[in-house]
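Data first, discussion second: the structure below is written as structure tokens.
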Amino acid sequence: MAIKLEIIQNQEELYNRAVDIIFNFLKNGATTYGLATGGTMLPLYECLRNSKLDFSHCRSVNLDEYVGIPKGHPESYHSYMKRQLFDAKPFKVTFIPNGEAQDIRKEANDYEELLKSLTVNLQIVGVGENGHIGFNEPGTSFDSESHVVELAASTREANARFFDSIEEVPKMAITMGISTILRAECILLIAIGEKKRFALEALLKGVITEDIPVTSLLQHPNVIVLTDLNMDDI
């Protein structure tokens, strides 16, 4: 199995390890980084903001963006990335899907064409409680490219904490497809907390099923997993 598992139960040490991995990519000339959002990434971006790493010669591509809320909305992923990382650590160029596009399916297709013109050296991902990566919900084809997705109820419920009510959580998003994610040279998965155990256990047991999208990573030759979960019984 090409998955390199690192269990680091102290979360501060875990996120410092993630920064070390990113630093090693920078040191070795990597210039293109796939970035994720959500609660799992907040401590990572805090560590990066407080680091001496310089991304001013790099470019970033984001996994996804909500459909139907303005870029300036505090919970759009444009706003999230600006607030959590880009204001403190600017990149030379950044790419995030436009969730306000008049034709969102064309926007997803255009984003895919952009991504095909790049080589992502390191793609950072989290994982949902139901095993989704990006916004690729259970049942998504492993051959999928960037597309528009209707968010699962469980995903909207998990993200409701960032909004005033679940009614305000967008119902759709543009996301990189699974095959898009798998084109990255290396994938760094960060999985924190008991709610992620189901997905991580499926991955580490070697189950490959579209019912649990994160298991698509078993098809990739270079995956690093950082978790605070004790997985000794796998």
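In summary, the side chains of E112 and T180 do present a donor paired with an acceptor at a separation below 3.5 Å, with no hydrogens or angles considered. Judged purely by distance below 3.5 Å, without hydrogens or angles, the side chains of S154 and E129 never pair a donor atom with an acceptor atom. With hydrogens and angles left out, the side-chain atoms of N98 and E107 include no donor and acceptor closer than 3.5 Å. Using modelled atom types, one finds no donor on one side chain facing an acceptor on the other under 3.5 Å when comparing N222 with E185.
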Please test K89 against S51 for side-chain contact (heavy atoms from CB on, under 4.5 Å), starting from the C-alpha separation and ending with a verdict.
CA-CA 9 Å; K89 294 290 181 179; S51 75; 4.1 Å; yes

Run the numbers on L44 and I124 for side-chain contact (heavy atoms from CB on, under 4.5 Å), then give the verdict.
CA-CA 10 Å; L44 173 61; I124 301 168; 4.3 Å; yes

Can you check salt bridge (charged side-chain N to carboxylate O under 4.0 Å, His left out) on E65 and K71, steps first, answer last?
CA-CA 9 Å; E65 175 59 289; K71 292 180 182 178; over 6 Å; no

Going through the distances and angles, do H220 and L182 end up as a side-chain contact (heavy atoms from CB on, under 4.5 Å)?
CA-CA 6 Å; H220 195 281; L182 295 180; 4.1 Å; yes

Start with the C-alpha distance between Y15 and L226, add both sets of side-chain angles, then the distance that settles side-chain contact (heavy atoms from CB on, under 4.5 Å), and finish with yes or no.
CA-CA 9 Å; Y15 283 104; L226 301 183; over 6 Å; no

Full working for ring pair (Phe, Tyr, Trp, His ring centres under 6.0 Å) between F162 and Y80:
CA-CA 11 Å; F162 300 116; Y80 175 109; 7.7 Å; no

Trace of the salt bridge (charged side-chain N to carboxylate O under 4.0 Å, His left out) decision for D87 with R83
CA-CA 6 Å; D87 281 349; R83 183 172 63 247; over 6 Å; no

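What you find for S76 and P70 is that their closest heavy atoms are CB-O, 3.4 Å. Between V67 and P170 the shortest heavy-atom distance is O-CB, 3.7 Å. Minimum heavy-atom separation, I104 to G99: CG2-O, 4.3 Å. Listed here is the closest heavy atom pair of N136 and M176: ND2-O, 2.9 Å. When all heavy atoms of D64 and I96 are compared, the closest pair comes out as O-CG2, 4.0 Å. In terms of heavy atoms, L14 sits closest to D228 at CD1-N, 3.6 Å.
Looking only at side-chain heavy atoms (C-beta outward), L189 and L217 come within less than 4.5 Å of each other. Looking at C58 and L26, their side chains come closer than 4.5 Å, going by heavy atoms from C-beta outward. Under the 4.5 Å side-chain criterion, counting only non-hydrogen atoms from C-beta, L200 is not in contact with R197. Inter-residue side-chain proximity for H147 and T140 is flagged as met; some heavy-atom pair is nearer than 4.5 Å. The closest side-chain heavy-atom distance from Q219 to I208 is below 4.5 Å. Taking the side chain as every heavy atom from C-beta outward, E137 and P213 never approach each other to under 4.5 Å. Annotation: side chain of H57 is not in contact with side chain of K92 (no heavy-atom distance under 4.5 Å). Side chains of I187 and I224 form no contact here, defined as non-hydrogen atoms less than 4.5 Å apart.
Note: N109 CG to L114 CG = 12.5 Å, rounded to the nearest 0.5 Å. Of the inter-residue distances, the one linking Q11 atom CD with N16 atom CG reads 12.0 Å to the nearest 0.5 angstrom. Separating the CG atom in L122 from the OG1 atom in T31 is a distance of 11.5 Å, to the nearest 0.5 Å. One finds the CD atom of Q9 at 8.5 Å from the CG atom of L229 (value rounded to the nearest 0.5 Å). The line from CD of E113 to CG of L118 is 11.5 Å long, rounded to the nearest 0.5 Å. The CG atom of N62 sits 4.5 Å away from the CE atom of M81 when rounded to the nearest 0.5 Å.
Between F86 and F55, the distance from one ring center to the other does not fall under 6.0 angstrom.
Under the 3.5 Å distance criterion, the side-chain polar atoms of Y111 are matched with a main-chain donor or acceptor of F95. Proximity of a side-chain donor or acceptor of N121 to a complementary backbone N or O of T32 within less than 3.5 Å is detected. Proximity of a side-chain donor or acceptor of S60 to a complementary backbone N or O of Y33 within less than 3.5 Å is not detected. R156 places a side-chain N or O within donor-acceptor distance of the main-chain N or O of V169, the cut-off being under 3.5 Å. At least one donor-acceptor pair closer than 3.5 Å links the side chain of S179 to the backbone N or O of S144.
Ring geometry for H73 against F163 counts as tilted: the plane angle lies between 30° and 60°, on a 0 to 90° scale.
When the side chains of ILVMFWY residues are joined at heavy-atom separations under 4.5 Å, either directly or via intervening members, I21 and L5 end up in two distinct hydrophobic clusters. The cluster map of Ile, Leu, Val, Met, Phe, Trp and Tyr, joined by side-chain heavy atoms under 4.5 Å apart, puts I8 and M231 in different clusters.
In this structure, E6 places its CD atom where more than 12 heavy-atom neighbours from other residues, nucleotides or ligands lie under 6.0 Å away. More than 12 heavy-atom neighbours from other residues, nucleotides or ligands sit within 6.0 angstrom of CZ on R49.
For the side chain to side chain contact (heavy atoms under 4.5 Å, CB included) criterion with V125, the lone passing option out of I190, L63, L35, T40 is L63.
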